[in-house]
Enquirer: 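Before I ask anything, here is the structure I am working with.
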Amino acid sequence: MDIKAQLLQLKEEIKKEVQGIFDEKVLNEIKVKYLGKKGLITSALKSLGSLSPEERKEVGQLANSIKEFLEETLKAKQEEIEKKKLEEILRKERLDISLPAEWFEPSASHPVLTTLKEITEIFKSMGFTVESGPEVEYEDYNFTMLNIPEHHPARDMQDTFYTSNGMLLRTHTSPVQIRSMLKKKPPFAIVAPGRVYRKDMDPTHSPMFHQIEGLMVDKNVSFKDLKGILKIFLENIFGNNIPIRFRPSYFPFTEPSAEVDVGCTVCKGKGCRVCKNTGWLEILGCGMVDPNVFKAVGIDPEEYTGFAFGLGIERIAMLRYQITDIRLLFTNDLRFNLQFRGIE
Ligand code: PHE
């Protein structure tokens, strides 16, 4: 075969060879095969010397045009490969910004937590600091040092959850009074919110509920101070004109003791199911710290006096949001919980 025919055949070969290739490496190998130092076109150009001048011109032009053709073909193929690569990347990293965003159900703050936070804030604004204590408590702190002697009915197995190692689940937040007085020197004013436990279960009682304890100790603290502080607190929670009354009561750790009622928020004092037709709602227990409690923690009752109070958070929350069954607060039914969206 003469050299012209060879070159033309080469062109056909190149076309075929390049067609199905999508690999840059293979493409490079082809380039070397034809255009490299020992490449087919290169050697064709080298052999021009042995031709006659006319042939040389003709064959030279042909060889050059094939060289160009090859270069263009490879370049086009290279571009095609790059385009494919880019398309592949775009396909894999596809992001449709017109798709609707993922929907998050807005949550709601639990009414017990909302109420607890709000009550705590009111006392903080009056200078009370916030204390806490453990839920698994010593019998001494929960009872004995609070002037509740060993055979007092309040300790009854019916009400108290005891642990196997002789401790108990605190039945009120009052042990935090003991912990604070052991830790601090008067004067101080603290509140202690937290969970408490009692063996109780009906529409108004849950075996776990929340209380907030208050304690102020200083020289010359009087019942008048207690009344003033509680009045400010209750007006903040229930509104300025809420009727308030102090009723004599009994707690082992306070003397004198009182229970505080507010005018029924549901019937405005006329009498209804919620207030059991009395027109009043019992809100909290309070009193002046009993000297026996001071003695138990090493505070001299001749030098210091103090007041304490304790109230149930659930009860306040139920009154504020007109919830009639305490168990609704703890069953985590979203139909209930989500009604408090936006209330904080
Ligand atoms: N600890 C009492 C209770 O749980 C409430 C209380 C606290 C009463 C402080 C007086 C003083 O019922």
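Whatever order the structure lists ligands and atoms in, that order sets their numbers, starting from 1. Every heavy atom of this structure was used, including side-chain atoms; hydrogens, water molecules and symmetry mates were not.
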Enquirer: So, for Tyr321 and Phe340, is the gap between ring centers shorter than 6.0 Å?
Expert: yes

Enquirer: Could you tell me which atoms of ligand 1, counted from 1 in the order shown, lie closer than 4.0 angstrom to a heavy atom of Phe309?
Expert: 7 (C), 9 (C), 11 (C)

Enquirer: Taking all atoms of both residues into account, what is the closest heavy-atom pair of Lys31 and Leu74, and its distance?
Expert: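 Closest approach of Lys31 to Leu74, heavy atoms only: CG-CD1, 3.6 Å.
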
Enquirer: Going by the order shown, which atoms of ligand 1 are within less than 4.0 Å of some heavy atom of Gln211?
Expert: 3 (C), 4 (O)

Enquirer: Is there side-chain contact between Phe209 and Arg315, with heavy atoms separated by less than 4.5 Å?
Expert: no

Enquirer: So for Glu259, does at least one of its heavy atoms come nearer than 4.0 angstrom to any atom of ligand 1?
Expert: no

Enquirer: Can you classify the ring geometry of Phe128 versus Phe307 as parallel (below 30°), tilted (30 to 60°) or perpendicular (above 60°)?
Expert: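 Answer is tilted, since the angle falls between 30° and 60°.
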
Enquirer: Could you give me the CA-CA distance, side-chain angles and deciding distance for Phe253 and His172, then say whether ring-ring contact (aromatic ring centres under 6.0 Å, His included) is met?
Expert: CA-CA 12 Å; Phe253 33 92; His172 50 181; 5.6 Å; yes

Enquirer: Please determine if Thr171 has a nitrogen or oxygen closer than 3.5 Å to a nitrogen or oxygen of ligand 1.
Expert: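 No: no nitrogen or oxygen of Thr171 is under 3.5 Å from one in ligand 1.
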
Enquirer: Of the choices Glu213, Gln177, Arg170, Arg198, which has the non-hydrogen atom that lies closest to atom 12 (O) of ligand 1?
Expert: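 The option holding the nearest heavy atom is Arg198.
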
Enquirer: I need the atoms of ligand 1 closer than 4.0 Å to a non-hydrogen atom of Ser174, numbered in the order shown.
Expert: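 Every atom of ligand 1 under 4.0 Å from some heavy atom of Ser174: 1 (N), 7 (C).
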
Enquirer: I'd like to know if Glu79 pairs up with Lys83 as an ion pair, taking the criterion as any Lys NZ or Arg NE/NH1/NH2 lying under 4.0 Å from an Asp or Glu carboxylate oxygen.
Expert: no

Enquirer: Which atoms of ligand 1 are found less than 4.0 Å from any heavy atom of Cys286?
Expert: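 Heavy-atom distances to Cys286 below 4.0 Å select 8 (C), 10 (C), 11 (C).
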
Enquirer: Looking only at protein heavy atoms, which one is nearest to atom 2 (C) of ligand 1, and how far off is it?
Expert: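 Among all protein heavy atoms, the one nearest atom 2 (C) of ligand 1 is Phe253 CZ, 3.7 Å.
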
